[in-house]
Number of protein chains: 2
Amino acid sequence: MHMISLLLHMGIFSKTCEYAIRSVFFIAHKTADGGRVGIKEIAKGISSPEPFLAKILQDLSRRGIVQSVKGPNGGFFMDKNTLKRPLADVVEAVDGNNLFTGCGLGLEYCSESNPCPLHHEFKDIRNKIHHMLLTTSIEDFNDDLNLGIISLKK
Amino acid sequence: MHMISLLLHMGIFSKTCEYAIRSVFFIAHKTADGGRVGIKEIAKGISSPEPFLAKILQDLSRRGIVQSVKGPNGGFFMDKNTLKRPLADVVEAVDGNNLFTGCGLGLEYCSESNPCPLHHEFKDIRNKIHHMLLTTSIEDFNDDLNLGIISLKK
DNA sequence: ATAATAAAAGATATAGATGTCTTTTATTAT
DNA sequence: ATAATAAAAGACATCTATATCTTTTATTAT
Ligand code: FES
Ligand code: FES
């Protein structure tokens with residue numbers, strides 16, 4: 001009678017979103033002075049599977065979270081405005097806004113009139129998460145990344 | 001050029017865990033006076049697919065979170081001790097403890113020495129979630145469920 | 001113009017989470 | 001003992017997230 005189950009992921013964000021956040025931090029810090037950075041370097045810099053990350057960045061590019069140019073000396077970068085956007089924009093682009101608005105116990109709607117048992121507690125936690133993501137901008141960690149006191153690699 | 005992607009789940013807990021929490025609340029409140037409650041009634045009471053819920057309850061039963069007896073008048077119930085256990089035990093049994101200890105950005109280890117950019121913010125939020133789940137017991141909502149002022153159904 | 005580069009797009013593959021079905025085992029009532 | 005009941009167990013199915021591969025398109029340098 002076995003009973004192995006492992007349990008791979010289960011964090012607050014999807015893996016896709018984790019890679020997305022790590023990559024925008026990486027791109028922001030690498031191209032703060034105006035250059036571009038290629039997919040290979042990004043993938044290495046954040047320990048992510050390159051082809052998967054490519055898909056994610058394509059999506060972020062379509063949604064205007066990152067910019068890109070093809071060809072020699074091409075790569076990904078972010079303009080001044082994008083650098084100032086809150087991290088919440090990235091999360092919402094990838095994982096949607098269920099984390100900010102959905103019921104923590106999976107009820108179809110989170111509402112005051114038909115609340116689940118944990119409604120009030122969840123509302124508080126959701127708000128804290130949302131607030132944190134709204135008050136953190138993409139460029140906020142450029143300096144710390146340069147100093148090497150924080151990490152984006154597994 | 002389509003661009004539909006839907007995005008089904010993405011909450012804090014897995015669907016399995018959502019069903020698990022809703023079902024322990026339901027069983028606790030239904031059997032507070034000593035009876036038992038069958039899988040059909042539980043599934044209806046929390047709007048979950050019955051066979052899937054059966055699997056989940058089997059697992060919770062093996063792990064000692066719920067008790068059960070087979071045969072006529074059988075069903076699921078919880079003993080006095082279990083009723084007092086914190087909700088965190090249920091979450092940990094189903095989703096593991098990654099939510100409480102893992103890195104929010106997906107780094108292999110969450111650590112002070114090699115922190116991700118959001119480490120301090122995440123630690124704070126994780127602790128709040130953990131604290132909430134540790135200070136909430138399975139039986140805490142029996143009265144409110146009897147009064148019908150909170151809901152477990154979609 | 002041509003060749004080289006690098007991202008975009010599309011098709012395909014794999015694994016894990018979610019959901020279902022069938023058979024077996026334990027318990028109870030007759 | 002037998003039949004009825006209800007959960008346990010095991011096998012199977014499906015769908016979504018995750019990951020990979022190949023071809024196309026845009027850009028740059030020669
Ligand atoms: S109803 Fe569940 S969090 Fe609001
Ligand atoms: S290192 Fe990321 S949360 Fe601690």
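Side-chain atoms are counted along with the backbone in the values below, which use heavy atoms only and exclude waters and symmetry mates. Chain naming here is simple, since letters A, B, ... match the order of the sequence lines and numbering starts at 1 in each.
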Going by heavy atoms in the side chains, are [X] and [Y] under 4.5 Å from each other?
{"X": "A:Leu152", "Y": "B:Pro117", "answer": "yes"}
{"X": "B:Arg85", "Y": "B:Thr82", "answer": "yes"}
{"X": "A:Lys153", "Y": "B:Glu108", "answer": "no"}

side-chain N/O [X] vs [N] OP1/OP2, d < 4.0 Å:
{"X": "B:Ser68", "N": "D:dA8", "result": "yes"}
{"X": "A:Ser61", "N": "C:dA7", "result": "no"}
{"X": "B:Asn73", "N": "D:dA6", "result": "no"}

Mark yes or no for whether [X], through its side chain, and [Y], through its backbone, hold a donor-acceptor pair below 3.5 Å.
{"X": "A:Asp140", "Y": "A:Ser137", "value": "yes"}
{"X": "B:Arg126", "Y": "B:Gly102", "value": "yes"}
{"X": "A:Ser47", "Y": "A:Lys154", "value": "yes"}
{"X": "B:Ser23", "Y": "B:Ala20", "value": "yes"}
{"X": "A:Asp89", "Y": "A:Ile65", "value": "no"}

[X] [atom1] to [N] [atom2]: how many Å, rounded?
{"X": "A:Leu60", "N": "C:dA7", "atom1": "CG", "atom2": "C1'", "value": "14 Å"}
{"X": "B:Phe77", "N": "D:dA7", "atom1": "CZ", "atom2": "P", "value": "12 Å"}
{"X": "A:Leu57", "N": "D:dA19", "atom1": "CG", "atom2": "P", "value": "14 Å"}
{"X": "B:Asp59", "N": "C:dT18", "atom1": "CG", "atom2": "P", "value": "13 Å"}
{"X": "A:Arg63", "N": "C:dA8", "atom1": "CZ", "atom2": "C1'", "value": "15 Å"}
{"X": "A:Lys70", "N": "C:dA9", "atom1": "NZ", "atom2": "P", "value": "7 Å"}
{"X": "B:Leu53", "N": "D:dA6", "atom1": "CG", "atom2": "C1'", "value": "14 Å"}

Nearest to the side chain of [X], heavy atoms from C-beta on, is which of [options]?
{"X": "A:Phe52", "options": "D:dA19, D:dA7, D:dA4", "value": "D:dA19"}
{"X": "B:Gln58", "options": "C:dA9, D:dT18, D:dA9", "value": "D:dA9"}
{"X": "A:Pro49", "options": "D:dA8, D:dA19, D:dA26", "value": "D:dA19"}
{"X": "B:Pro72", "options": "C:dT5, C:dT27, C:dA7", "value": "C:dT27"}

### Task
Check the angle between the aromatic planes of A:Phe141 and A:Phe25 and answer parallel, tilted or perpendicular using the 30° and 60° thresholds.
perpendicular

### Task
Using the closest heavy atom to pick a nucleotide of DNA chain D for each, name whichever of A:Gly74 or B:Gly74 lands nearer the 5' end.
B:Gly74

### Summary
Closest non-hydrogen atoms of A:Glu92 and A:Asn97, given as atom of the first, atom of the second and distance, are OE2-CB, 3.7 Å

### Query
With Watson-Crick and G-U wobble geometry limited to distances under 3.5 Å, how should the secondary structure of DNA chain D be encoded in dot-bracket form, using | for bases paired to another strand and [ ] for crossing pairs?
||||||||||||||||||||||||||||||

### Query
Listed in order of residue number, which residues of residues 15-43 of chain B have a non-hydrogen atom at under 4.0 Å from DNA chain C?
B:Lys15, B:Thr16, B:Tyr19

### Message
Between D:dA19 and A:Lys55, counting only base atoms on the nucleotide and side-chain atoms on the residue, is there a donor-acceptor pair under 3.5 Å?
### Response
no

## Note on the structure
Heavy-atom nearest nucleotide on DNA chain C taken for B:Glu50 and for A:Ala54; more 5' hit belongs to A:Ala54

